[in-house]
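Hydrogens, waters and symmetry mates play no part in the numbers below; they use all other heavy atoms, side chains included.
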Amino acid sequence: MGTLEMVLGIIILVMSAIIVALVLCQSGKDKRLSGAIAGAAETFFAKGQSKKRDKILSAITTVMSFMLVVLVVVLYIHIAA
């Protein structure tokens, strides 16, 4: 296994772990179950901040997921060549 494959493999593993963490940090669409588990009673003022945070986390997750797919395809093409 070459150096490039190893570096890309490590980057893919780290990005995968970050994506999992980002998804877990987002609040769910269904507030009933997630609110009961987390015990999160949002106040009137914190509700807007939570939506903004979820929007940012969602955008970062989307970008990182796209980058992960591109890296996997690049690694696959490099190994197949």
Side-chain angles (χ1 to χ4, degrees):
M1 184 181 226
T3 305
L4 181 63
E5 290 93 355
M6 191 172 299
V7 169
L8 285 176
I10 291 170
I11 291 171
I12 288 171
L13 285 173
V14 170
M15 285 181 69
S16 299
I18 291 171
I19 290 172
V20 168
L22 286 171
V23 169
L24 289 175
C25 287
Q26 295 177 25
S27 63
K29 302 288 183 203
D30 186 17
K31 300 290 184 186
R32 292 175 287 170
L33 185 58
S34 65
I37 292 173
E42 292 183 349
T43 63
F44 178 73
F45 297 109
K47 201 170 196 175
Q49 291 174 347
S50 176
K51 286 183 182 180
K52 182 188 286 187
R53 182 177 152 233
D54 281 343
K55 198 178 250 187
I56 292 170
L57 287 174
S58 178
I60 293 171
T61 304
T62 303
V63 170
M64 290 212 44
S65 298
F66 179 74
M67 289 171 45
L68 179 69
V69 169
V70 169
L71 278 176
V72 168
V73 169
V74 167
L75 181 61
Y76 179 76
I77 290 172
H78 181 73
I79 289 175

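Of the possible donor and acceptor atoms, one in the side chain of R53 sits under 3.5 Å from a partner among the backbone N and O of C25.
A single hydrophobic cluster is seen to contain both V7 and V14, as judged by linkage of ILVMFWY side chains at heavy-atom distances under 4.5 Å, directly or through other members. I12 and V20 are assigned to two separate hydrophobic clusters, defined by single-linkage of ILVMFWY side chains at heavy-atom distances under 4.5 Å. L75 and L4 fall within the same hydrophobic cluster, defined by Ile, Leu, Val, Met, Phe, Trp and Tyr side-chain heavy atoms under 4.5 Å apart, directly or through other members. Note on Y76: it does not cluster hydrophobically with I79, by side-chain heavy-atom contacts below 4.5 Å among ILVMFWY residues. Taking hydrophobic clusters as Ile, Leu, Val, Met, Phe, Trp and Tyr residues chained together by side-chain heavy-atom distances below 4.5 Å, V69 does not share a cluster with I60.
If you take CD1 on I56 and CG on L22, they are separated by 12.0 Å, rounding to the nearest 0.5 Å. Atoms CG and CE, from L8 and M15 in turn, are 10.5 Å apart once rounded to the nearest 0.5 Å.
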Check residues 61-68 and write down every donor-acceptor pair under 3.5 Å in which the side-chain atom is one partner and the other belongs to a residue at least two apart or another chain.
residue : atom : partner : partner atom : Å
T61     : OG1  : Q26     : NE2          : 2.9
T61     : OG1  : L57     : O            : 2.6
T62     : OG1  : S58     : O            : 2.9
S65     : OG   : T61     : O            : 2.7

